[in-house]
Amino acid sequence: QQQVRQSSQSLTVWEGETAILNCSYENSAFDYFPWYQQFPGEGPALLIAIRSVSDKKEDGRFTIFFNKREKNLSLHIKDSQPGDSATYFCAASLNSGTYQRFGTGTKLQVVP
Amino acid sequence: EAAVTQSPRSKVAVTGGKVTLSCHQTNNHDYMYWYRQDTGHGLRLIHYSYVADSTEKGDIPDGYKASRPSQENFSLILELASLSQTAVYFCASSADWGGSQDTQYFGPGTRLLVL
């Protein structure tokens with residue numbers, strides 16, 4: 001049972017556009033949502049994260065928008081660059097008691 | 001800087017053979033994890049551990065064993081490798097469960113090909 005879902009397996013945008021990656025979850029008790037970025041040949045690495053008490057988290061060109069009522073969130077990458085081409089994983093954690101759940105990932109390609 | 005290393009980085013194994021993948025972390029983290037990554041399936045948790053000498057089953061443990069001889073080291077063992085176990089395997093560590101303590105630090109991965 002997939003507790004964290006990423007609706008798109010892949011996404012292609014032009015350089016300079018805003019890429020929007022979507023994620024939804026099932027368990028309303030999840031309260032911490034990290035996004036990991038993975039480049040080919042490497043392991044995933046934390047990019048940005050949000051707690052459920054917030055509805056927005058911004059870090060440079062990367063912004064998470066969080067909708068607790070709808071149980072979904074999205075990662076916006078503003079002014080996308082070819083160097084942003086990677087696979088992005090949405091994940092979700094409870095406050096304690098069990099391990100983090102990962103979505104299946106969205107492979108982003110930014111075309112120059 | 002926190003670090004998770006894996007060995008080997010790639011391996012070719014024969015069907016029915018035994019494979020051991022090793023992971024070492026210098027993060028001083030209690031929690032360690034083994035994932036496999038396949039196209040379309042993302043990261044799937046095989047085994048995890050929160051203390052030395054103890055391991056727990058994740059979501060897809062069948063065909064795999066794990067060993068945690070120390071806080072720093074965590075191994076994944078395929079006793080009888082099968083074609084379906086061809087994948088990229090990642091080790092990760094985290095300080096705890098819950099909140100930012102749950103941020104996982106991943107190793108570079110091991111690419112396993114079973115023939």
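Computation of the quantities below employed the complete heavy-atom set of this structure, encompassing side-chain atoms and omitting hydrogens, waters and symmetry-equivalent molecules.
- Using a 4.5 Å cut-off between side-chain heavy atoms of Ile, Leu, Val, Met, Phe, Trp and Tyr, with links allowed through other members, B/Trp34 and B/Ile60 fall into the same hydrophobic cluster.
- Contacts of B/Glu72 classified as side-chain hydrogen bond (donor to acceptor under 3.5 Å, both in side chains), with partners at least two apart in sequence or in another chain: B/Ser70.
- The hydrophobic cluster containing B/Val88 also includes A/Tyr36, A/Leu46, A/Phe89, A/Tyr99, A/Phe102, B/Tyr31, B/Tyr33, B/Tyr35, B/Leu43, B/Leu45, B/Tyr48, B/Tyr50, B/Val51, B/Phe90, B/Trp97, B/Phe106, under a criterion of side-chain heavy atoms closer than 4.5 Å among ILVMFWY residues, counted directly or through chains of members.
- Neither the backbone nor the side chain of B/Gln6 comes within less than 4.5 Å of any heavy atom of chain A.
- Within the 4.5 angstrom heavy-atom criterion, no atom of A/Gln6 approaches chain B.
- The hydrophobic cluster containing A/Phe33 also contains A/Trp35, counting ILVMFWY residues as joined when their side-chain heavy atoms lie under 4.5 angstrom apart, directly or transitively.
- Contacts between A/Pro34 and chain B at a heavy-atom distance below 4.5 Å are absent for every atom of the residue.
- Applying a 4.5 Å heavy-atom cutoff, the residues of residues 47-86 of chain A that approach chain B are A/Arg51.
- Options B/Pro108, B/Cys91, B/Ala92 differ in how many heavy-atom pairs under 4.5 Å they form with chain A, and the most are formed by B/Pro108.
- Heavy atoms closer than 4.5 Å to chain A are found in both the backbone and the side chain of B/Asp59.
- Ranked by heavy-atom pairs under 4.5 Å with chain A, the first of B/Ser94, B/Gly109, B/Gly42 is B/Gly42.
- Looking at every heavy atom in both residues, A/Gln100 comes nearest to B/Thr103 through NE2-N, 4.5 Å.
- Note: the hydrophobic cluster containing B/Ile46 also contains B/Leu21 (ILVMFWY, side chain heavy atoms under 4.5 Å, direct or indirect links).
- A/Trp14 belongs to a hydrophobic cluster whose remaining members, ordered by chain and number, are A/Val111; membership requires side-chain heavy atoms of ILVMFWY residues under 4.5 Å apart, directly or through intermediates.
- Within 6.0 Å of atom CD in A/Glu42, more than 12 heavy atoms from other residues, nucleotides or ligands are found, so the atom counts as buried in its surroundings.
- The environment of CZ in B/Arg44 is crowded: more than 12 heavy-atom neighbours from other residues, nucleotides or ligands sit within 6.0 Å.
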